Novice: 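One structure, as structure tokens, below. Some questions next.
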Amino acid sequence: QVQLVESGGGSVQAGGSLRLSCAISGDTGDGACVGWFRQAPGRERETVATINTRSASTATTVSLKGRFSISRGNTTNTVYLQMNDLRPEDAGMYYCARYYYLGSFSCSLDHRVYRDWGRGTQVTVSS
């Protein structure tokens, strides 16, 4: 079983930055795709970015490129999301999730294929 715990959320003013962390523990295996997703009240879940923890290959939703970036720590059990120039529309619950993957390609941007999910961390952006 795999556990994911998000941290780093909070309240910032527009234009500010936050760095979210996803700590992964348990039976993680040798490789995985890990993604960050977000959901605002009344809206669909949206993919933010994904990373292949073995190859470090990343994929970011086009509309967020240049402001958001995903990375991994020195081990494959921590994944970060750096968020810069935050806007009120970026507010919501941010989740990390993973699925087992041993390949070297970029990971899926479809949240439906991610199997293990954290409980989320809240991000609030004031104008």
Side-chain angles (χ1 to χ4, degrees):
Q1 199 167 6
V2 178
Q3 296 82 40
L4 296 92
V5 179
E6 303 92 338
S7 61
S11 296
V12 295
Q13 290 190 327
S17 298
L18 284 173
R19 188 194 197 199
L20 306 184
S21 298
C22 175
I24 306 168
S25 62
D27 185 15
T28 58
D30 297 327
C33 280
V34 178
W36 281 99
F37 308 87
R38 67 184 186 183
Q39 189 166 19
R43 299 185 64 177
E44 297 287 325
R45 185 163 293 186
E46 177 185 16
T47 302
V48 176
T50 67
I51 187 167
N52 181 319
T53 61
R54 296 187 75 187
S55 69
S57 177
T58 64
T60 304
T61 294
V62 172
S63 62
L64 299 176
K65 282 185 177 180
R67 296 195 299 123
F68 288 28
S69 63
I70 190 170
S71 63
R72 64 180 183 189
N74 290 331
T75 71
T76 60
N77 292 335
T78 306
V79 172
Y80 302 103
L81 181 70
Q82 179 67 43
M83 307 187 294
N84 299 323
D85 188 24
L86 283 162
R87 304 167 183 172
E89 56 264 36
D90 295 320
M93 189 68 80
Y94 282 70
Y95 302 90
C96 64
R98 73 180 287 280
Y99 63 89
Y100 184 66
Y101 179 62
L102 293 179
S104 59
F105 296 114
S106 295
C107 298
S108 175
L109 289 172
D110 184 347
H111 64 86
R112 294 170 296 180
V113 306
Y114 285 76
R115 176 182 175 183
D116 306 304
W117 289 79
R119 294 190 174 187
T121 185
Q122 184 72 41
V123 171
T124 304
V125 184
S126 58
S127 57

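Model, not experiment: these values are computed from the prediction. The chain is numbered in sequence order, starting from 1.
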Novice: Would you please name every residue forming a side-chain hydrogen bond (donor to acceptor under 3.5 Å, both in side chains) with Ser17, sequence neighbours left out?
Specialist: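 In terms of side-chain hydrogen bond (donor to acceptor under 3.5 Å, both in side chains), with neighbours along the sequence ignored, Ser17 is linked to Asn84.
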Novice: A quick test of your reading: do over 12 heavy atoms of other residues, nucleotides or ligands sit less than 6.0 Å from CD of Gln13?
Specialist: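 Counting other residues, nucleotides and ligands, CD of Gln13 stays at 12 neighbours or fewer.
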Novice: First locate atom CD1 of Ile51, then atom OG of Ser71, and finally report the distance between them rounded to the nearest 0.5 Å.
Specialist: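 Separation between the atoms: 6.0 Å.
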Novice: Is it the case that one hydrophobic cluster holds both Phe105 and Val113, taking links as side-chain heavy atoms less than 4.5 Å apart, direct or via other members?
Specialist: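 Cluster IDs for Phe105 and Val113 match.
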Novice: If you define the side chain from C-beta out and look only at heavy atoms, does anything of Val123 sit under 4.5 Å from Asp90?
Specialist: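 Answer no - side chains too far apart.
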Novice: Could you state the interatomic distance from CD (Glu89) to CZ (Arg43), rounded to the nearest 0.5 Å?
Specialist: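 It is 8.5 Å, given to the nearest 0.5 Å.
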Novice: For the residue pair Leu64 and Met83, establish whether any side-chain heavy-atom pair is separated by less than 4.5 Å.
Specialist: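 Leu64 vs Met83: side chains apart.
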Novice: Holding to ring pair (Phe, Tyr, Trp, His ring centres under 6.0 Å), I want the full list of residues that pass it with Tyr99, two or more places apart in sequence or in another chain.
Specialist: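 Partners of Tyr99 under the ring pair (Phe, Tyr, Trp, His ring centres under 6.0 Å) test: Tyr114.
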Novice: If you look only at pairs with a residue in residues 34-103, which of them pass as a disulfide (SG to SG under 2.5 Å), with sequence neighbours excluded?
Specialist: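 As it turns out, the disulfide (SG to SG under 2.5 Å) pairs with a partner in residues 34-103, which skip direct neighbours, are Cys22-Cys96.
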Novice: Would you say that Asn52 contacts Tyr101 through its side chain, given a criterion of any heavy-atom pair below 4.5 Å between the two side chains?
Specialist: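 Asn52 reaches Tyr101 side chain to side chain.
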Novice: Would the distance check show the side chain of Arg72 and the main-chain N or O of Thr53 forming a donor-acceptor pair, the cut-off being under 3.5 Å?
Specialist: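 At least one qualifying donor-acceptor pair exists.
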Novice: Think Arg38 forms a cation-pi with Tyr95, using NZ or CZ under 6.0 Å from the six-ring centre and within 45 degrees of its axis?
Specialist: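 Not flagged: Arg38 not positioned over aromatic ring of Tyr95.
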Novice: So which heavy atom on Pro88 is nearest to which on Ala14, and how close?
Specialist: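 Result for this residue pair: CD-CB, 4.2 Å.
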Novice: Just do the side chain to side chain contact (heavy atoms under 4.5 Å, CB included) check on Leu102 and Arg54 with the steps written out, would you?
Specialist: CA-CA 7 Å; Leu102 293 179; Arg54 296 187 75 187; 3.6 Å; yes
Novice: If you measure from CD on Glu46 to CD on Gln39, what distance do you get to the nearest 0.5 Å?
Specialist: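 CD of Gln39 is found 10.0 Å from CD of Glu46.
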Novice: Mind checking whether Val12 and Phe68 sit in one hydrophobic cluster, side chains of I, L, V, M, F, W, Y counted as touching below 4.5 Å?
Specialist: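 Linked, Val12 and Phe68 end up in one cluster.
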Novice: Output all residues satisfying side-chain contact (heavy atoms from CB on, under 4.5 Å) with Thr47, sequence neighbours left out; order by chain, then residue number.
Specialist: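 Thr47 satisfies side-chain contact (heavy atoms from CB on, under 4.5 Å) with Phe37, Thr50, Thr61, Leu109, His111 once adjacent residues are dropped.
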Novice: For Gln3, what residues pass the side-chain hydrogen bond (donor to acceptor under 3.5 Å, both in side chains) criterion, not counting sequence neighbours?
Specialist: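 Expected list: Ser25.
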Novice: What distance separates Glu6 CD from Leu20 CG, expressed to the nearest 0.5 Å?
Specialist: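 Taking CD in Glu6 and CG in Leu20, the distance rounds to 8.5 Å.
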Novice: What's the shortest heavy-atom distance between Ala49 and Thr60, and which atoms?
Specialist: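 In this case the closest contact between Ala49 and Thr60 is CB-OG1, 3.9 Å.
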Novice: So which pairs with a foot in residues 115-127 pass side chain to side chain donor-acceptor pair (under 3.5 Å), sequence neighbours left out?
Specialist: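 Qualifying pairs, neighbours excluded: Arg98-Asp116.
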Novice: Hey, could you give me the CD1/OH distance between Ile70 and Tyr80, rounded to the nearest 0.5 Å?
Specialist: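 If I round to the nearest 0.5 Å, the distance is 12.0 Å.
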